[in-house]
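Remarks on the structure that follows.
Whatever order the structure lists them in is the order used to number ligands and atoms, beginning at 1. Note: hydrogens, waters and symmetry copies are ignored here, and every other heavy atom, side chains too, is used.
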Amino acid sequence: MGLLPPVRHGAVRERRPDHVIRIALLPGDGIGPEVLQEARRVLEAASAAGLLDASFETFPHSADHYLRTGETLGEEAFARLRDEYSAILLGAVGDARVADGVHARDILLGLRFGLDLFVNLRPVCLRAPDLTPLRLREHETIDLMIVRENTEGFYTGSGGSLRPGTPQEVAISESLATRYGVERVVRAAFDLARRTGRHRVTLGDKANAVPHVYGLWRRTFREVAEEYPDLEAETRYVDALALELVRHPDQFDVIVTENLLGDILSDLGAGIVGGLGLAPSANLDLRGKGLYEPVHGSAPDLVGTGAANPMAAILSAAMLARENGAPLAAERIEAAVDRALASGVRTPDLGGRKTTEDVGRWIAREVAGGA
Ligand code: NAD
Ligand code: IPM
Ligand code: MN
């Protein structure tokens, strides 16, 4: 792995020579298509400005597609996403018409598991001071990275039901941790800290109440930490960690945690920096493949209103650019988002009156125009 300049959310991969980034777009459901259109617009603006070279193909997989064809993701699409693209940009999946959420699980978890995207990076970054609902101390800021394990825990589907729908129903969902799976994501968190000039890595677990799985996490974390004597390593119980995230978020730098705990902590993280409309993510295998998506879901309450904030999707596109050898494009996009926030170019979730498209066009113009 290459040594990159110290960018705070620095790329996990070495910078590569100029090449076309083949991007698969998966707009999905609800506001997914609305926000993804703006992310694409911004990437196209970065392309036009010569900051990257990208090609796009849109995949139709969504609730509509499932209800029409019975196909969730399908082997052929999966194989193409695996073999023909280095990056997938996803809007959101989830639709009340598919009550059990089977298509969403097959698409999203199918890709995370099927492509072995074991690192889920979820930055929590305060991009404008007024966006936090917290009362921060003077000079206190929020800039941390949640590294969520993405292929184990409660998400493997292990378990089952007996006598479903009866008063005697029994349900079991098992959380699974492997030494291999924990070690590789913990190591990824320490590597990321080192590469991006961060000093402290915190493990969030629940080893006091769930000793088997989180005991393995804790032991592995401590062993791996010894390989990084230059970094501070600490373990916290996740309930207390959640409290401290709200009280003094600036004490955290990198938080590494198990799948479900990371899911919950990352929505909390979004909540302290302006909400889900601003929270991006990258699901990575660290070998060159990535699935980029906003942390938010399909927000059925906002569909068609123009109120969906496209910034989470646009910031996910910036992460895509950074991981695919275009760090300047990433910086330009992030700076344009910051200028939009500072200039009041905001959707209603951030107290503004702009539409999804207004915000996307404004940011795309800034990216195209330089500065
Ligand atoms: P959600 O993230 O869709 O919405 C939660 C709240 O945040 C809502 O009030 C919504 O209006 C708001 N919100 C979300 N995105 C926003 C944006 N871009 N701009 C402004 N406000 C935004 O979560 P939910 O309501 O729990 O779930 C809705 C559906 O989405 C469900 O089917 C769920 O399973 C699915 N989901 C999918 C993903 C994903 O695709 N990665 C993530 C979370 C939830
Ligand atoms: C997320 C989502 C997904 C998750 C759901 C939709 C399966 O909440 O990406 O945060 O739990 O991982
Ligand atoms: Mn979530």
Inset, instruction - Please could you name the atoms of ligand 1 that Ala92 approaches to less than 4.0 Å, counting only its heavy atoms? - result: 40 (O)
Legend entry - Atoms (protein N, O or S; no water) under 2.8 Å from the Mn ion (ligand 3): 1
Inset, instruction - Report the part of Val295 (side chain from C-beta onward, or backbone N, CA, C, O) that has a heavy atom under 4.0 Å from ligand 1; answer both or neither where that applies. - result: backbone
Inset, instruction - Please state which part of Asn309 comes within less than 4.0 Å of ligand 1, counting heavy atoms only: side chain, backbone, both or neither. - result: both
Legend entry - Side-chain donor/acceptor of Asp29 to backbone N/O of Gly94, under 3.5 Å: yes
Inset, instruction - Would you check whether Arg112 has a nitrogen or oxygen atom less than 3.5 angstrom from a nitrogen or oxygen atom of ligand 1? - result: no
Legend entry - Modelled atom types, side-chain donor and acceptor of Glu152 and Thr178, under 3.5 Å: yes
Legend entry - Any N or O of Val93 closer than 3.5 Å to N or O of ligand 1: yes
Inset, instruction - State which residue, out of Val124, Leu203, Leu241, fulfils the side-chain contact (heavy atoms from CB on, under 4.5 Å) condition with Ile255. - result: Leu241
Legend entry - Distance-only N or O hit between ligand 1 and Gly297, under 3.5 Å: yes
Inset, instruction - State, yes or no, whether a side-chain contact exists between Glu366 and Val345 at a heavy-atom distance under 4.5 Å. - result: no
Legend entry - Distance-only polar pair, side chains of Asp64 and Ser62, donor-acceptor under 3.5 Å: no
Inset, instruction - Mark yes or no: Arg40 above the aromatic ring of Phe56, with NZ or CZ under 6.0 Å from the six-membered ring centre and no more than 45 degrees from the axis. - result: yes
Inset, instruction - Could you tell me if the ring centre of Phe190 sits under 6.0 Å from that of Phe221? - result: yes
Inset, instruction - Give the C-alpha distance, both sets of side-chain angles, the deciding distance and a yes or no for side chain to side chain contact (heavy atoms under 4.5 Å, CB included) between Tyr155 and Asp263. - result: CA-CA 11 Å; Tyr155 281 71; Asp263 180 44; 3.4 Å; yes
Inset, instruction - Keeping the roles fixed (side chain from Thr356, backbone from Ala308), state whether a donor-acceptor pair exists under 3.5 Å. - result: yes
Legend entry - Main-chain N/O of Leu73 paired with His61 side-chain donor or acceptor, under 3.5 Å: yes
Inset, instruction - Verify, without hydrogens or angle tests, whether Asn150 (side chain) and Leu117 (backbone) share a donor-acceptor contact under 3.5 angstrom. - result: yes
Inset, instruction - Decide whether an N or O pair under 3.5 Å exists between Ala299 and ligand 1. - result: yes
Inset, instruction - Number the atoms of ligand 1 from 1 as they appear, then name those within less than 4.0 Å of a heavy atom of Leu276, with their elements. - result: 2 (O), 5 (C), 7 (O)
Legend entry - Numbering as shown, the atoms of ligand 1 that approach Glu293 to under 4.0 Å (heavy-atom distance): 41 (N)
Inset, instruction - Give the numbers and elements of all ligand 1 atoms closer than 4.0 Å to a heavy atom of Gly94. - result: 32 (O)
Inset, instruction - Output yes when a side-chain donor or acceptor of Glu34 lies under 3.5 Å from a complementary backbone atom of Gly304, and no otherwise. - result: yes
Inset, instruction - Answer with yes or no whether the hydrophobic clustering places Leu90 together with Leu81; edges join I, L, V, M, F, W, Y residues whose side-chain heavy atoms lie under 4.5 Å apart. - result: yes
Ligand-protein N/O pairs under 3.5 Å (ligand 2):
unit_1, atom_1, unit_2, atom_2, d
ligand 2, 8 (O), Asp263, OD1, 3.3
ligand 2, 9 (O), Arg112, NH2, 2.7
ligand 2, 9 (O), Arg122, NH2, 2.9
ligand 2, 10 (O), Arg122, NH1, 3.1
ligand 2, 10 (O), Arg122, NH2, 3.1
ligand 2, 10 (O), Asp263, OD1, 2.8
ligand 2, 11 (O), Tyr155, OH, 2.6
ligand 2, 12 (O), Arg112, NH1, 2.7
ligand 2, 12 (O), Arg148, NH1, 3.2
ligand 2, 12 (O), Arg148, NH2, 2.8

Inset, instruction - State the atoms of ligand 1, each with its element, that fall below the 4.0 Å cut-off from a heavy-atom position in Pro300. - result: 28 (C)
Legend entry - Check: Asp253 side chain, Arg200 main-chain N or O, donor-acceptor pair, under 3.5 Å: yes
Legend entry - Any Ser298 heavy atom less than 4.0 Å from ligand 1: yes
